[in-house]
J.: 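Starting off with a structure, shown below.
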2 protein chains.
Amino acid sequence: MDQLRETLKGHHLRTTTCREDVLSTFISKKNALSHGDLEGALGENYDRVTIYRTLKTFLEKGIIHKVLDDEGLRYALCSHNCSEEQHQHDHIHFKCNECGETNCLENLHIPPVQLPLGYQPQNFNLLIQGTCPKCN
Amino acid sequence: MDQLRETLKGHHLRTTTCREDVLSTFISKKNALSHGDLEGALGENYDRVTIYRTLKTFLEKGIIHKVLDDEGLRYALCSHNCSEEQHQHDHIHFKCNECGETNCLENLHIPPVQLPLGYQPQNFNLLIQGTCPKCN
DNA sequence: AAATATCTTGCAACACAGTTGCAAAAAAGG
DNA sequence: CCTTTTTTGCAACTGTGTTGCAAGATATTT
C-alpha cells in the first residue's frame, strides 16, 4: 500500500516495514490498541522495544493519540490531521464493558463546561463506559 | 482520630494503622494520589504490597475511586457516599500541567451528551488538562 | 550504482508497577 | 485471654516501559 508510505512521509518519517505494519494494524482494526495488542499482532516480526518506539514516534508526530481507561493505556489514530506542532483532541472515547473495545466517537463534541474562576483549560478528554451497539 | 475508625467501620473494614494512615493522607492532601505518592509518604512504615492492597480494598469498598490521566493511575476520595454495591462517579477531574496535581471539581456535572443509537452509557469521566488557579 | 550520513532496529540490561503464596502478626468477638 | 478471621510482610514473580549500544536499513549525494 502506497498510502501508508504517504502518511509516513507526510509526518516526516522514514518508511520501514515495522511502521507500515503498525500503521496498517491501526487502520484495519478501528478501535484503540494497546502495546500488548500490537505485540500480539506483530510480535513475531518485531521486537517489543521497536513497537514501543514506533508508538512513541507516532505519538510525537501526531499520527496517533493516547486513549485512557481504567485498565490501561491505549492508542488510536488521529482523525483530524495532527502534526508535531499541534494536536487537537477534544473528542469522546467510548469503552464497552462487555467486549472491552474502546472507540473514538468521531462526530461528537464535548459540551462546554463552566469551570470555576482561575482554571485555564487546554485539553478535554471524556471517557464514557457502558455497552456498545454490538453488545447491546 | 476517631473519624477515621468510623469511616472504616462504615465500609465494613477493620481498623489498622496502615488503613488509618492511608485514609488520613487522602484527607490531608486533597488532590489525587498515586501509589508512589503514598509510598513516598508512608513507605517507611508499611510495605509496598500492603499499600497496594489497601488501595485495592478502599476501591472495592467505595472509599476511593480511580483517577486517570495521561501519565498514570491515581486515586481520590469518593465525596458522595459510595458503597461496595454502588459507585457514582460522573464527575470532572482537572489536571494542572504546571504543578502536576489532579483534583476533583466537586460541584460540577458533566453536561449531557447525545450518544449515537445503541450506546448505553453507565459512567462518565471527564479529564480536563490545563493550568490551575494556583499556577495561573 | 556505490558511498556517505542519518535514522531505525534488535539485543541486553535495567527501572518501575503491580500481583501472588504463604507464614507470622494483629483485630474482633466471645 | 482464647479463638477465628483478617491483615501484614517477605520473597518471588509477571508485566510495562526505558536506555545504551552495535549492527542494519533508509535516504541522499555523487
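Here is how names work: the chains are called A, B, and so on, in the same order as the sequence lines, proteins then strands, and each is numbered from 1. Everything quoted here is computed from the prediction, not taken from an experiment.
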J.: Using the rule side-chain contact (heavy atoms from CB on, under 4.5 Å), only one of B:Thr54, B:Leu73, B:Leu55 pairs with B:His35; which is it?
T.: B:Leu55
J.: Quick one: which of D:dG9, C:dT8, C:dG10 gets closest to the side chain of A:Asp47?
T.: C:dG10
J.: Judged by atom type as modelled, is there a donor-acceptor pair below 3.5 Å linking the side chain of A:Lys95 to the main-chain atoms of A:Gln129?
T.: no
J.: How close or far is atom P of D:dG17 from atom CD of A:Glu39, stated in whole angstroms?
T.: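 For the pair A:Glu39 CD and D:dG17 P, the rounded distance is 10 Å.
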J.: Has B:Thr16 got a side-chain N or O lying under 4.0 Å from the OP1 or OP2 atom of D:dT6?
T.: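 So the side-chain polar atoms of B:Thr16 never come under 4.0 Å of the phosphate oxygens OP1 or OP2 of D:dT6.
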J.: Check whether the side chain of A:Arg48 and the base of C:dG10 form a donor-acceptor pair under 3.5 Å.
T.: no
J.: Is there a donor-acceptor pair under 3.5 Å between the side chain of B:Asp21 and the backbone N or O of B:Cys18?
T.: no
J.: Going by the side-chain contact (heavy atoms from CB on, under 4.5 Å) test, name the single residue among A:Leu8, A:Thr7, A:Leu4, A:Thr50 that passes it with A:Arg19.
T.: A:Leu8
J.: Could you state the atom-to-atom distance from CG of B:Asn45 to P of D:dC10 in whole Å?
T.: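 Computing the B:Asn45:CG to D:dC10:P distance gives 12 Å.
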J.: Look at the side chain of A:Lys56 and decide which nucleotide, out of D:dT8, D:dT19, C:dG18, has an atom nearest to it.
T.: D:dT19
J.: If you check every side-chain atom of A:Val49, which of C:dC11, C:dA28, D:dT7 has the closest atom?
T.: C:dC11
J.: What integer distance in Å separates B:Tyr75:OH from C:dA17:P?
T.: 12 Å
J.: OP1 or OP2 of D:dA27 sitting under 4.0 Å from any side-chain N/O of A:Thr15?
T.: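 The answer is yes; a side-chain N or O of A:Thr15 sits under 4.0 Å from OP1 or OP2.
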J.: Here's a test of your reading of the structure: between A:Ile51 and B:His35, which maps to the more 5' nucleotide of DNA chain C?
T.: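 Upstream on the strand: A:Ile51.
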J.: From CG of A:Leu55 over to P of D:dT18, roughly how many Å is that when rounded to an integer?
T.: 10 Å
J.: What is the distance, rounded to the nearest whole Å, between atom CD of A:Glu71 and atom P of C:dG18?
T.: 14 Å
J.: Can you tell me how far C1' of C:dA28 sits from NE2 of B:His12, to the nearest Å?
T.: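 Spelled out: NE2 on B:His12 to C1' on C:dA28 is 14 Å.
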J.: On DNA chain D, nearest-nucleotide positions of B:Thr50 versus A:Thr17: which is more 5'?
T.: B:Thr50
J.: Atom CZ of A:Arg5 to atom P of D:dA25: distance rounded to whole Å?
T.: 15 Å
J.: For the side chain of B:Arg14, starting at C-beta, report the closest nucleotide among C:dT9, C:dA28, D:dA12.
T.: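 Nearest nucleotide to the side chain: C:dA28.
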J.: Test B:Glu101 against B:Lys134 for salt bridge (charged side-chain N to carboxylate O under 4.0 Å, His left out), laying out the working first.
T.: CA-CA 10 Å; B:Glu101 278 192 15; B:Lys134 275 188 293 186; 3.3 Å; yes
J.: Looking only at N and O atoms, is any donor in the side chain of B:Arg53 or the base of C:dT19 less than 3.5 Å from an acceptor on the other one?
T.: no
J.: Quickly work out the B:Arg74 CZ to C:dA17 C1' distance and round it to whole Å.
T.: 14 Å
J.: Kindly point out which of C:dG18, D:dG17, D:dG9 is positioned nearest to the side chain of B:Tyr46?
T.: D:dG9
